[in-house]
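What follows is a short report on a single structure.
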Amino acid sequence: MLFKNIQVTLKNRPIGYPKEDDFSIIETEITELNHGEVIVEVIWLSLDPYMRGRMSSAKSYASPISIGEVITGGAVGKIVESKCPNFKVGDIVEGFTIGWQTYCRIVSSKLRKINEQLAPIQTAVGVLGMPGMTAYFGFFDICRPIPGDTVVISAAAGAVGQLVGQLAKLSGCRVVGIAGSQEKCNFIKEVLSFDQAINYKTENIYSKVKEYCPKGVNIYFDNVGGKISDDVISNIAPFARIAICGVISQYNLTEAESGMRVQRALLTNQASIEGFLVFRFENKYEIARQRMAEWLKEKKIIWKEDIIQGIENAPKSFIGLMKGSNFGKLLIKIK
Ligand code: NDP
């Protein structure tokens, strides 16, 4: 069978914030499969901040997307053709390299079958997928919470941040979230039950963190870097643990920013700071997935999605993600 495929490819390497013109939308065809390959009809596409790094040629932990190549990305879809005995037509799968396209011809070893009983299938790229695993292992393994700790989270209303805060509450911690709008601040306080929220666009971050964390910040889960992080790190408590999960405030800079020198704060507080990539914990994903699924079922955690229809809206939505226009986990509904 012949499948007409709509793909979003990289036209130019973005300089600063990406523009719609940095992407092309093209139509291609998928035909013959080789042994071991399948065709996935994409249902849900996940848009994630790390994709900005892949659009740049700067050295990173993964190689960049080439000009003309499909934008990389995780997705959930249905097998519509298979030349692999382990996958049959109709199976629902998740793959980290499916990319921004409506169909994907892919070697089946790059796919994971989804247990549809656990939760709605799109959670396989959300709370039960990469962002969920990031929150779980970043918080439990890197931050090592102790009940009573005061936890500060940046990008607190986003895919990872909303979960870290709820895991912290489940662990008996006090939680202060930092986000970029009043609506997001209201959500994390009123719906997610964080103890305090700081709107970094309208409030003085340093003095608000000081006010809300009078004994200092025991844990800082950093999704953004930059000035916000300087202000939080200036307020850490003795033996604080700082997890560097992401630095989204830096992804679109055209010149490096200068900021605080953190060594003194780390030294005098005997604090630790650690960057992590979620893939480090890949061999433990199943344990976390089961536990998160139970918490979801029991409504101990809530999961907010921001759903946009249509692959043609992926570039615009991705640009919005870089500027905070998403509210919750950003997903493109393809089918
Ligand atoms: P989110 O859903 O949180 O979306 C990104 C959010 O970042 C925006 O909504 C916006 O929220 C905030 N933001 C954007 N620009 C700025 C800025 N200049 N200053 C402060 N905040 C900003 O995305 P994710 O939850 O998927 O990702 C969060 C972070 O975690 C990212 O840095 C990402 O790269 C990182 N990450 C790291 C992983 C790892 O393995 N280490 C894995 C997954 C994600 P607001 O309106 O509040 O500004």
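All values derive from a computational prediction rather than experimental measurement. Order of appearance sets the numbers: ligands from 1, and atoms from 1 within every ligand.
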- Message: I'd like to know whether the aromatic ring centres of Tyr50 and Phe96 sit less than 6.0 Å apart in this structure.
- Response: yes
- Message: Exactly one of Asn5, Thr28, Thr9 should register a side-chain hydrogen bond (donor to acceptor under 3.5 Å, both in side chains) with Gln101. Which one does?
- Response: Asn5
- Geometric class of the Phe327/Phe187 ring pair [parallel <30°, tilted 30-60°, perpendicular >60°]: perpendicular
- Would you mind checking which non-hydrogen protein atom is closest to atom 37 (C) of ligand 1, with the distance to 0.1 Å? Cys245 O, 3.0 Å
- Note on the structure: Quick note on ligand 1: atoms under 4.0 Å from a heavy atom of Thr134 include exactly 38 (C), 42 (C), 43 (C)
- Considering only non-hydrogen protein atoms, determine which one is nearest to atom 32 (O) of ligand 1 and report residue, atom name and distance to 0.1 Å. Asn223 O, 2.8 Å
- Note on the structure: The closest protein heavy-atom partner of atom 43 (C) of ligand 1 is Met130 SD, 3.4 Å
- Query: Do Asp149 and Arg241 sit within salt-bridge range, that is, some charged N less than 4.0 Å from a carboxylate O?
  - Reply: yes
- Between Phe194 and Lys169, is there a cation-pi geometry (under 6.0 Å to ring centre, at most 45° from the normal)? no
- Task: Report the nearest protein non-hydrogen atom to atom 10 (C) of ligand 1: residue, atom name, distance rounded to 0.1 Å.
- Result: Gly324 CA, 3.4 Å
- Considering only protein heavy atoms, which is closest to atom 19 (N) of ligand 1, and at what distance to one decimal place? Tyr200 OH, 3.6 Å
- Closer than 4.0 angstrom: is that true for some heavy atom of Tyr251 and an atom of ligand 1? yes
- With Glu274, which residues qualify under side-chain hydrogen bond (donor to acceptor under 3.5 Å, both in side chains), at least two apart? Arg280
